[in-house]
Amino acid sequence: MRADVPLHRSLLLRLLAVSVLVSVCSIAATAWLTVRSTTVAIRQEQGQALADDARTYDTLLGYAATHPGWDGVGEVVHRLARETGRRITVTTERRAPLADSDAGPPATLPARPTASIDPLHVDTATPDHIDPRAVGPFLLPRNERDALRSAAERRAACLRDNFGAVATIAYGPSGRPVLDTRGARPYSEARCASTVLDRPTATERKALAVLQKRVSSCLARRHEPEVRLNLDFTWTRVAAPVPAEAGTAADDASRGGVVSECVTSSRREQLSPYVASPALLFISSRDDDRSTVFDLSPANQARVAGVAALVLLITVTATVMAGSRLSRPLRALTDAVRNMEEGRAARVEVRGKDEIGMLAAAFNAMAERRERLEELRKAMVGDVAHELRTPLSNIRGWLEAAQDGLANPDPELVSSLLEEALLLQHVINDLQDLAVADAGELRLRAEPVDVTDLLAQVATAHRGGAEAAHVTLLTRAEGRPRLVADPVRLRQAVGNLVSNAVRHTPPGGTVSLLARRVGDDVVIDVTDTGSGIAPEDLPLVFERFWRVEKSRSRSSGGSGLGLPIARKLAETHGGSLSASSVVGNGSTFTLRLPVPAHAWDRSEA
Ligand code: ADP
């Protein structure tokens, strides 16, 4: 990069800044959207995981409540793990493994278990914190269940038939049916009473008696009056200062508290041989399942950062490549312009047809034109110097000779010197005319012109010269063509053509001037029977200072500006000047001028 382009103005840097900004914005937007949508997914996932964990816990708690040990739990653990897609580990309270859903090395257990499984000390469930599924000795044998079921069905039928009450039968954990008689009036149950259903079965009586014994001894230890237990573990006071009164754990706050403590502890003692020992439950995600874990762990953060860095790297590389492709030709152009300023050749390589390629091509064309003009200018200055030097050195030579007495300043010498001075003045006048025309400052005094008269005037002016050269000068007009033009300038243009024709026509030849209307134009032809011009020279005769015969002989040499001036005058009038020639036969110069005045009267001062 060149030192003179300030860094913050550098095309490449600005391009880089824009693309980095764009990519950072798009990465941020994508990341934000991803995080939002994943957060929703994570929440749903977590909700499902919580529901799965609750089901696992409940199922294992149920197993513990209905089995005296953990021996057969493996199958249940495997089924749950399969259904939830999680790793399930059950250990003793001392963390000795009881069952693990996954084979292989034992799981490294977290400090806190997911839950502890103890059916006799459950957090929620019933007020006594004993899982209702733990029924122990109250589990009914098949015959008692059948008897109770048929009694319940009979009672439901009685209620339906007599009172239209809909009673549904549900079965408790021990197998005892429970009749739901919602909607039936209170006395209706008395009418459909069932001794089988309302009394404990033999199994229940036996279990209740054992429990009663434990409760009584507990109360005795605490010096509390005795109570009688019901099948639903409520109790009735037996020995009381007031007649027997029913109480529950809830409504007897002071003394009932002790009773319910005794009932609960006695029940735990009675049930403990029937339930599994307390255990710890660990639920964790599977080892091979890590990919589905949506968290922004350091590894995930590194991954996100890595992808972002990669995107940035690609963007920066692409921008640097595109930017240098863009700035390289621009720098080449700048170098070329500097070369041009310092006058050296200036060209840039044109690659492709894009905007920069077009700029390079346009620059090359401009540089070429500029070089051509520069060459022309140099040649012109050289030519002008040359044109002036020849007559001037002639004059000086003769004057020095006269001064030294070598030449006699007789009338012949004086007229020769005058001729050289006139030639000098002629060149200077022509140059001035051209310079004025080039600058677009040539003033035309337009007026109606009769072309036949104008040709006659020109012929008269050149007749002397033509006769001296033994050349016949003829004028002719078809009709009487007229136009609006500057007569002085027009005479000058036609005069230049006629003097050229006379000079290039050998004695005995003819120069004819013909004027005619062609469409909207007036055309003047100056035709001679002279030497003619070679086809390759024809386009060059209108160049300044260009001559077929390079030596400037007095007979044929003019200033070399006659034709360029004539063409310029024609163009200023809105017309044109062209030439055609056959070597050895002669040449025709054709001046074409438009008739409508408005075609050129703008240049009228
Ligand atoms: P010059 O003053 O030398 O005549 P011009 O610009 O008038 O300059 O003409 C340029 C050159 O064109 C002349 O030197 C001559 O060689 C050639 N030329 C012009 N008119 C004729 C003509 N009628 N016949 C042959 N050659 C001509």
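When a ligand or atom number is given, it counts from 1 through the structure's own listing order. For the single chain, residues carry numbers from 1 onward in sequence order.
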Next on the checklist: Using heavy atoms and a 4.0 Å limit, tell me yes or no: is Ser581 in contact with ligand 1?
Outcome noted: no
Checklist outcome for this item: Restricting to heavy atoms, the pick from Asn500, Ile565, Asp430, Asn496 nearest atom 19 (C) of ligand 1 would be Asn500
Checklist entry - Is the closest heavy-atom distance from Gly530 to ligand 1 below 4.0 Å? => result no
Next on the checklist: I want to check something: taking the side chain as every heavy atom from C-beta on, are Leu569 and Leu442 in contact at a cut-off of under 4.5 Å?
Outcome noted: yes
Next on the checklist: For the 3.5 Å polar cut-off, considering only N or O atoms, please tell me whether Arg503 and ligand 1 meet it.
Outcome noted: yes
Checklist entry - For ligand 1, which atoms, with element, lie under 4.0 Å from some heavy atom of Ser587? => result 24 (N)
Item to check | Criterion side-chain contact (heavy atoms from CB on, under 4.5 Å) against Val451, the qualifying member of Leu513, Val523, Ile524 | outcome: Ile524
Checklist entry - At under 4.0 Å between heavy atoms, which part of Ile533 makes contact with ligand 1: side chain, backbone, both or neither? => result side chain
Checklist entry - side-chain contact (heavy atoms from CB on, under 4.5 Å) with Leu561: which of Asp433, Asn496, Leu434? => result Leu434
Checklist entry - Can you list the steps and then say if Gln48 with Asp52 is a side-chain hydrogen bond (donor to acceptor under 3.5 Å, both in side chains)? => result CA-CA 6 Å; Gln48 182 61 43; Asp52 285 348; 3.1 Å; yes
Checklist entry - Quick one: which ligand 1 atoms are inside 4.0 Å of a heavy atom on Gly562? => result 5 (P), 6 (O), 7 (O)
Checklist entry - Got a salt bridge between Glu374 and Arg377, using NZ or NE/NH1/NH2 to carboxylate O under 4.0 Å? => result yes
Checklist entry - Which pairs pass side chain to side chain donor-acceptor pair (under 3.5 Å) with one or both residues in residues 449-461, sequence neighbours excluded? => result Asp450-Thr452, Asp450-Arg480, Asp453-Arg480, Gln457-Arg491
Item to check | Polar atom proximity, Leu563 to ligand 1 (N or O, under 3.5 Å) | outcome: yes
Checklist outcome for this item: Under 4.0 Å between heavy atoms, the region of Phe542 that gets near ligand 1 turns out to be neither
Next on the checklist: Which of the numbered atoms in ligand 1 are under 4.0 angstrom from any heavy atom belonging to Ala501?
Outcome noted: 23 (N)
Next on the checklist: Among residues at least two apart in sequence or on other chains, which ones pass side chain to side chain contact (heavy atoms under 4.5 Å, CB included) with Val18?
Outcome noted: Val22
Item to check | Element-labelled atoms of ligand 1 that are located less than 4.0 Å from some non-hydrogen atom of Pro564 | outcome: 6 (O)
Checklist entry - For Leu422, does its backbone N or O pair with a side-chain atom of His426 as donor and acceptor, under 3.5 Å? => result no
